[in-house]
Amino acid sequence: MTEILRVRGLRKRFPGVMALDGVDFDLRPGEVHVLLGENGAGKSTLIKMLSGAYHPDEGTILVDGEETSIRTAEDAQRLGIATIYQEFNLVPQLTVAENLLLGRQPRRFGLLDKKKMYGQAQELLDRVGVRVDPRRPVHTLGIARMQMIEIAKALSLDARVLIMDEPTAVLTTTEVEQLFEIVRQLRDQGVAIVFITHHLEEIAAIGDRVTVLRDGMSVAEVPAGTPEDELVRLMVGRSIDQQYPRERSDAGPPLLEVRNLTRAGVFEDISFDVRAGEVVGLAGLVGAGRTEVARAIFGADAYDSGEVLVDGRPIPRGKVGAAMEAGLGLVPEDRKGQGLVLGADVRENLGLVTLHRASRGGFVDRAAQDRAAATMAGQLNVRMSGLGQEVRTLSGGNQQKIVIGKWLLAEANVLILDEPTRGIDVGAKVEIYQLINSLTAAGRAVLMISSDLPEVLGMSDRVIVMARGRLAGELSAGEATQDAVMALAVGEMEEAR
Amino acid sequence: MTTGTLRLRLRRGSTLLSENGSLIGLVVLVVALTLLSGDFLTVTNLLNVGVQAAVTAILAFAATYVIITAGIDLSVGAVAALSAVVLAWTATSHGVPWPLATVIALVVGIACGLANGALITYGKLPPFIATLAMQGVARGLGLVISQGSPIPLPDAVSHLGDTIGSYLPVPVIVMVVMGVITAVVLNRTYPGRAMYAIGGNEEAARLSGIKVTRQKLITYALAGGFAAVAGIVLASRLASAQPQAALGYELDAIAAVVIGGASLSGGKGKALGTLVGALILAVLRNGLNLLSVSAFWQQVVIGVVIALAVLLDTLRRRQAN
């Protein structure tokens, strides 16, 4: 059978990162083609190119054998390519029918023809076999049925290619079965389906072929029956070079102790220590609950039970101020949204955490704040025009240095770094690793969350792995290999199913 | 010259203009009015402008705090009126000594602000709604207490509306003092710096250990206190507290803040800018009067000026991105 979609040599560079570095991908009508790869391997970038959100720097996309350029979402729609993201494109307040026919509701004398609209909506719903009243507001539906509405909507736009980005991530086991039923049915009708999943056991159940992406490259195309350990090997099989200059120091007494931390439905029974002079890596798939645990430790969110001790003393839950006093610092995952005041300058941002300490009777000693900021910016080698530069205009690496720097000024003893090098160019990454080295050399403790596996392995003295809100295991630096970590990160999941 | 350097120069030029835009606007306005009307640049007239600007400016300082935190306060005018009514009512109708009555009036203003802050932080109401509600409540309470009629102010307080010697109107002095306090609070104090951080990025501020709830309460309380001062100054000029005084002044105050370069999306704003904004509004009104422009057209002109100022703000932010 001839390919409906053929992708050749796709490349895409973002500032500092080669997101795609040569991807080939074929899709035939009537097949379910699984895209497999670690976080950051390039799956999202690829599907965003197919749906018109990004434009490739190099390479060709052929639809029905003809080279095409997909520049906008409208282009993709015209070519019959529909994408269902994890974030749904539905208007919650509107009814199912209105969502299905949004922007092309049937009209009569310029007014909405409701009878016709509900009729058409019913036909679309019947086609995917989902039983729901088209008059119901979408927000009253569960996630699974919202997803079905998205599928019905895609098909109503005459989609011949349906791209599904981790559709099973939010579904229960029964719902997954229902989804598979619909996917098979669509496949038999000749729809070509791109299916992204992290759950290896789903591949044999629903897939026909698998394309494995790694570091922005397509490394293999294999049948869906390929054994799981072989798939894991293909996903992670790469070497760690000298870009991780970890200098291990002797571990001292535990500075951070987390005991049975639980928040219902988010994470459960999380216990671990981080010792003075140690970097502990917290690995796991996106959505495993790592960020949630970090925020709970820091007091940014509450938790239901368990205990956090810093330097042997318990700290009250849900209080950022108390966590800070105890010596904790958090460099959040969302640098721009949570780490920085983008419209303020370097000086303001560096002084944010120490603002209170620099105040006497309510008055801030701004001269001292300035001096401290200047010293810190110098130490961290922040490249800027001056302390008065808005941080919005700094590069990602320099922005991250400032987020870390504000905690260094506060002399935080335990730093939680959530994705510290995401979106940062290689040079700045190494600077941040060196910073981590100097922190641990000074006897501080670092908990590093990262989805970049080589980074976790290269920089951690110990790796703990989370899967589905639970601790899946702990590995020493010696035991921690890509395969071992990945097996824990995805393995727990299979047991849960 | 290459297009690159040209663009750079243009950008530098417009940055200079947008940072000092309101001040340049004020100077242009003053020069233009001096040329157009012989009566404008006289001591008497300028003092008159200053007195007219005073109440708006003090209310605008109140609004500046709130707007820097990315909030809005629609209640400052009504709180000003209520505070003045409370002062007159306690002092004149119930014989409370005027210093104590003044303190009570300030406390009422601060309490209204705290109520706003509590609704916004603990009640999670949008600032627009919380302060709109307070506008109604404060205005209504003022009417209830005064039974709808003006109450004479004690003489001692009425002196606030006087002129010391022949050149020093007390309202202008109060305006300057409140302006200096605002500048110091915003630049030098912990709550002031916290306001900028909260308005710039509330989550980042929270994760940096700033107690956002407490700081917002302080912000709105400060605004309420400033509104009370404005109300007392306004009443002193009329020698009586009027429950319908300062009607709609909150919008002038917000306009002054925005003309002064603050951003309604928070994180930006300065005391000096707000003062200049209030002066622009006062000079504009005064000048249009001197030029015998009808009151109807004055409203049109002032509306256009506000729109232009906000357009500048938007352009400035688009440039920043």
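With a 4.5 Å cut-off on non-hydrogen atoms, A/Val320 touches chain B through its side chain but not through its backbone. Contact of A/Glu348 with chain B is made through the side chain alone, with heavy-atom distances under 4.5 Å. The contact between B/Val184 and chain A is made entirely by side chain atoms (from C-beta outward), counting heavy-atom distances below 4.5 Å. Proximity to chain B (any heavy atom under 4.5 Å) is restricted, for A/Leu340, to the backbone atoms N, CA, C and O. Contact of A/Lys336 with chain B is made through the backbone alone, with heavy-atom distances under 4.5 Å.
Remark: the A/Ser451 side chain and the A/Arg422 side chain contain no N/O donor-acceptor pair separated by less than 3.5 Å. Under 3.5 Å, the side chains of B/Thr69 and B/Thr219 contain no donor-acceptor pair of N or O atoms.
The residue among A/Lys406, A/Arg360, A/Met324, A/His356 with the most heavy atom pairs within less than 4.5 Å of chain B is A/His356. Ranking B/Asn201, B/Asn187, B/Val185 against chain A, the residue ahead of the rest is B/Asn201, based on heavy-atom pairs under 4.5 Å.
Partner of A/Val346 under the side chain to side chain contact (heavy atoms under 4.5 Å, CB included) criterion, out of A/Met376, A/Met384, A/Gln399: A/Met384 alone.
Two residues are said to be in side-chain contact when any heavy atoms from C-beta on lie closer than 4.5 Å; B/Asp252 and B/Leu59 fail this criterion.
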Report the C-alpha distance between B/Leu275 and B/Val176 in whole Å, list the side-chain angles of each, state the deciding distance to 0.1 Å, and finish with yes or no for side-chain contact (heavy atoms from CB on, under 4.5 Å). CA-CA 9 Å; B/Leu275 179 65; B/Val176 171; over 6 Å; no
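When all heavy atoms are compared, the tightest approach of B/Ile259 to B/Ile280 is CG2-CD1, 3.9 Å.
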